[in-house]
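One structure below.
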Amino acid sequence: MGPGYRDEVWSRLDQKWDLIVVGGGITGAEILSEASRLGKNALLVEAQDFASGTSSRTTKLVHGGLRYLRQGQFIVTRESVTERERLMVEGKGLINPLAFSLAAFPGESMPTWMYGIGLAIYDALAWKWAHQAQSRSDLIAKIPALSGSKVRGGYRYFDAQTDDARLVFRVLKEGVRHGGTAINYARAETLLRTQNGRVRGIVLHDVAPGPSRTMRTIEIEAKIVINATGAWTDELRTQLGHKKRLRQIRGSHIAFHHSRFPLKEAVGLVHPRDQRAVFAIPWEGVTIFGSTDVDHGALDGEPSISQNEIEYFFEVLNTAFPSLELTPKDVLSTWSGVRPVVNTGKRDPSKESRDYAIWKDDGLLTVTGGKLTTFVIMARDALRAVEGDLGKIGSRTRIFDEVPTEIAWPEAMDEPSRTRLFGRYGAEVSAIAADVAGAKRIGDSIAYCSELRHAARHEAVVTLSDLLLRRVRLGLLLPNGGMNHIAEIRAIAQPELGWDDARWEREETEYRATYQRSYSLPPSI
């Protein structure tokens with residue numbers, strides 16, 4: 001999937017496909033991967049970059065949804081904790097256990113002992129017992145940042161976390177390795193239909209940005225089209241005359257450098273204003289704080305955090321972690337994602353169900369809603385729903401491919417780094433390890449130069465934002481979106497991408513604008 005990849009894919013799109021998947025997030029990637037392993041001739045098309053929607057903008061958690069138990073969503077929680085346990089086993093290094101301290105404060109609507117009951121149910125659903133009560137002194141010993149607050153105690157339990165975008169790429173690239181085809185910056189503008197109205201394919205437009213943009217359009221036919229576009233689901237369904245069914249809910253996050261907000265494990269809190277759960281989470285050398293639940297407007301641009309959301313965050317940060325004296329000036333980066341939630345008309349966005357839905361309309365199969373944790377269940381249920389069109393789907397026992405075991409690692413890479421790279425790159429990890437010159441980190445981030453080089457060479461990068469925000473997460477992990485290290489980044493990536501100096505400089509300008517608009521604080525702060 002290196003330079004020239006998109007042109008090669010465009011040259012062979014004119015064939016009859018078994019399956020076209022519209023949407024390059026985690027659900028679409030898993031549908032492609034599953035179908036390809038089962039011998040189906042499958043194509044995935046993504047209007048922007050792979051994982052550029054919600055699937056790169058999450059809280060990075062693979063979790064059962066403890067807060068959903070309060071809303072009676074037991075089936076969602078049961079499915080989620082089961083998948084969480086399985087993903088941690090198969091995806092070691094990519095999906096990893098994470099300890100949480102659930103901190104209780106005076107004035108909360110739910111008494112502390114009820115947390116214990118909820119966690120007992122939470123663990124029981126996963127057939128484990130991994131929670132324990134904590135006193136105030138226990139909590140502060142584990143989380144010194146809580147000192148000076150009115151925390152009264154709580155509980156400790158376990159969930160898991162991941163790099164959401166790298167999860168998409170591992171799944172997607174394994175699907176391509178098994179015979180699937182995937183292309184980014186290719187927009188399915190229109191559904192093709194037979195005379196009796198059944199969907200038979202799509203009209204695809206090349207929308208890749210750049211000075212040499214080629215305005216290509218092609219009609220592609222398939223036995224079935226699957227709509228896995230997340231928050232954009234209604235755009236295709238309404239072409240068939242159906243009413244909109246989704247509610248777009250924005251979840252925003254802020255990140256601090258670990259030195260400014262040090263945490264050894266995650267902290268779960270209840271916001272004093274509305275009793276919503278919020279989390280402080282150590283991830284990749286930074287601390288994430290989030291998220292919000294607010295109704296989002298138009299989907300015609302990248303979502304971004306609002307001033308109201310910033311104020312909402314600091315209201316609880318200053319209550320729970322007063323000793324840190326955090327201010328907006330300490331924020332390293334921000335990101336916002338739009339959740340696809342089936343609209344039931346509830347007044348509070350947080351009360352909407354996180355369960356997923358599957359609808360079949362005249363040859364268009366739509367799968368939407370759900371959570372990052374349940375992406376495998378969603379994909380397999382979607383494929384089972386189209387067995388009448390594709391033939392028996394069957395099943396398989398593994399989510400990920402096996403990874404190589406005999407790797408010649410550079411001495412500079414320690415054991416935790418090796419585990420991390422195994423998880424993120426799977427069968428491609430040998431190429432990362434072989435790049436001995438790249439076995440050094442970029443700035444004080446967790447990312448290696450070899451990862452940057454590999455992404456530029458092999459991961460369908462079209463823009464600098466693709467590279468720095470999704471392939472290697474430097475835009476989230478380094479000050480100023482990584483621009484302080486742009487000379488080093490350029491020396492590694494530009495030769496692999498084949499961009500001349502003029503193209504690189506244009507990409508820098510566009511990247512700066514994207515970062516300022518959607519990954520940093522609002523200008524008014």
Side-chain angles (χ1 to χ4, degrees), residues 21-32 44-63 65 76 80 83 161-172 184 187 226-236 244-255 279 281 283 288 290-306 309 333-343 349-350 352-357 366-379 382 465-466 469-471 473 475-476 514 518-519:
V21 184
V22 183
I26 187 58
T27 305
E30 177 63 16
I31 293 171
L32 178 79
L44 180 147
V45 300
E46 164 57 45
Q48 297 299 317
D49 186 30
F50 303 123
S52 60
T54 312
S55 293
S56 63
R57 303 165 183 269
T58 72
T59 317
K60 321 304 180 195
L61 293 179
V62 175
H63 65 118
V76 173
S80 298
E83 287 299 289
Q161 68 178 171
T162 190
D163 181 331
D164 47 7
R166 288 310 319 177
L167 175 62
V168 173
F169 278 95
R170 171 125 186 227
V171 171
L172 185 70
N184 52 353
R187 184 184 300 278
I226 294 185
N227 177 14
T229 53
W232 292 262
T233 289
D234 284 331
E235 291 185 7
L236 285 181
K244 293 182 178 182
R245 299 186 67 174
L246 287 195
R247 182 175 185 175
Q248 287 84 20
I249 299 174
R250 186 173 70 248
S252 295
H253 310 79
I254 54 178
F279 300 98
I281 302 163
W283 179 76
I288 299 170
S291 70
T292 53
D293 265 335
V294 296
D295 285 307
H296 186 71
L299 295 171
D300 52 0
E302 289 198 54
S304 58
I305 196 167
S306 68
E309 288 171 294
S333 62
T334 76
W335 62 92
S336 301
V338 182
R339 306 179 182 98
V341 175
V342 179
N343 190 359
S350 298
E352 295 282 17
S353 173
R354 295 303 192 259
D355 203 356
Y356 63 94
T366 296
V367 54
T368 193
K371 300 164 66 264
L372 177 68
T373 312
T374 56
F375 73 94
V376 175
I377 293 175
M378 293 172 64
S465 291
D466 299 343
L469 294 173
R470 290 174 285 278
R471 308 303 190 278
R473 316 303 295 274
L476 307 183
T514 297
S518 298
Y519 295 89

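- Residue Leu172 holds its CG atom at 10.0 Å from CD of Glu46, rounded to the nearest 0.5 Å.
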> Would Met378 and Glu30 satisfy side-chain contact (heavy atoms from CB on, under 4.5 Å), going step by step from the backbone distance to the final call?
Replying inline: CA-CA 9 Å; Met378 293 172 64; Glu30 177 63 16; over 6 Å; no

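- Looking at every heavy atom in both residues, Asn184 comes nearest to Phe50 through N-CZ, 3.4 Å.
- With rounding to the nearest 0.5 angstrom, the CG atom of Asn343 is 9.0 Å from the CD atom of Gln248.
- If you take CD1 on Ile249 and OG1 on Thr54, they are separated by 11.5 Å, rounding to the nearest 0.5 Å.
- Annotation: side chain of Lys60 is in contact with side chain of Ile288 (closest heavy-atom distance under 4.5 Å).
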> Can Thr514 and Glu302 be said to form a side-chain contact (heavy atoms from CB on, under 4.5 Å), step by step?
Replying inline: CA-CA 9 Å; Thr514 297; Glu302 289 198 54; 3.3 Å; yes

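- The salt bridge (charged side-chain N to carboxylate O under 4.0 Å, His left out) check on Glu235 picks up nothing, with sequence neighbours excluded.
- By the side-chain contact (heavy atoms from CB on, under 4.5 Å) test, Arg245 pairs with Asp234, Arg237, Trp359, sequence neighbours left out.
- Across all non-hydrogen atoms, the minimal contact from Trp335 to Thr58 is NE1-O, 3.0 Å.
- Between Arg57 and Ser336, the closest heavy-atom pair is CD-O, 3.0 Å.
- When all heavy atoms of Pro340 and Gly230 are compared, the closest pair comes out as CB-C, 3.4 Å.
- Taking CG of Leu469 as the reference point, atom OG of Ser52 lies at 10.5 Å (rounded to 0.5 Å).
- A heavy-atom distance below 4.5 Å is not found between the side chains of Thr27 and Tyr356.
- The shortest heavy-atom contact between Leu44 and Gly23 is CD1-O, 3.4 Å.
- For the 3.5 Å distance criterion, the side chains of Thr59 and His253 qualify, holding a donor opposite an acceptor.
- A side chain to side chain contact (heavy atoms under 4.5 Å, CB included) with Ile26 is found for one member of Leu372, Thr373, Ile31 and no other, namely Leu372.
- Remark: Arg473 pairs with Asp163, Asp164 by the salt bridge (charged side-chain N to carboxylate O under 4.0 Å, His left out) rule, at least two apart or across chains.
- For the pair Arg471 (side chain) and Ala165 (backbone), a donor-acceptor distance under 3.5 Å is absent.
- For the atom pair CD (Gln48) and OG (Ser465), the distance works out to 11.0 Å, reported to the nearest 0.5 Å.
- Judged as a side chain to side chain donor-acceptor pair (under 3.5 Å), and not counting sequence neighbours, the contacts of Ser291 are Arg339.
- Nearest heavy atoms, Ser80 versus Thr374: OG-CG2, 3.6 Å.
- The side chain to side chain donor-acceptor pair (under 3.5 Å) check on Ser56 picks up nothing, with sequence neighbours excluded.
- In this structure a side-chain-to-backbone donor-acceptor pair under 3.5 Å is present from Asn227 to Thr233.
- One finds the CG atom of Leu246 at 4.5 Å from the OG1 atom of Thr368 (value rounded to the nearest 0.5 Å).
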> Could you walk me through whether Val62 and Phe375 pass the side-chain contact (heavy atoms from CB on, under 4.5 Å) check?
Replying inline: CA-CA 10 Å; Val62 175; Phe375 73 94; over 6 Å; no

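- For Glu309, the side chain to side chain donor-acceptor pair (under 3.5 Å) partners are Arg250, Ser252, Thr292, Ser306, not counting sequence neighbours.
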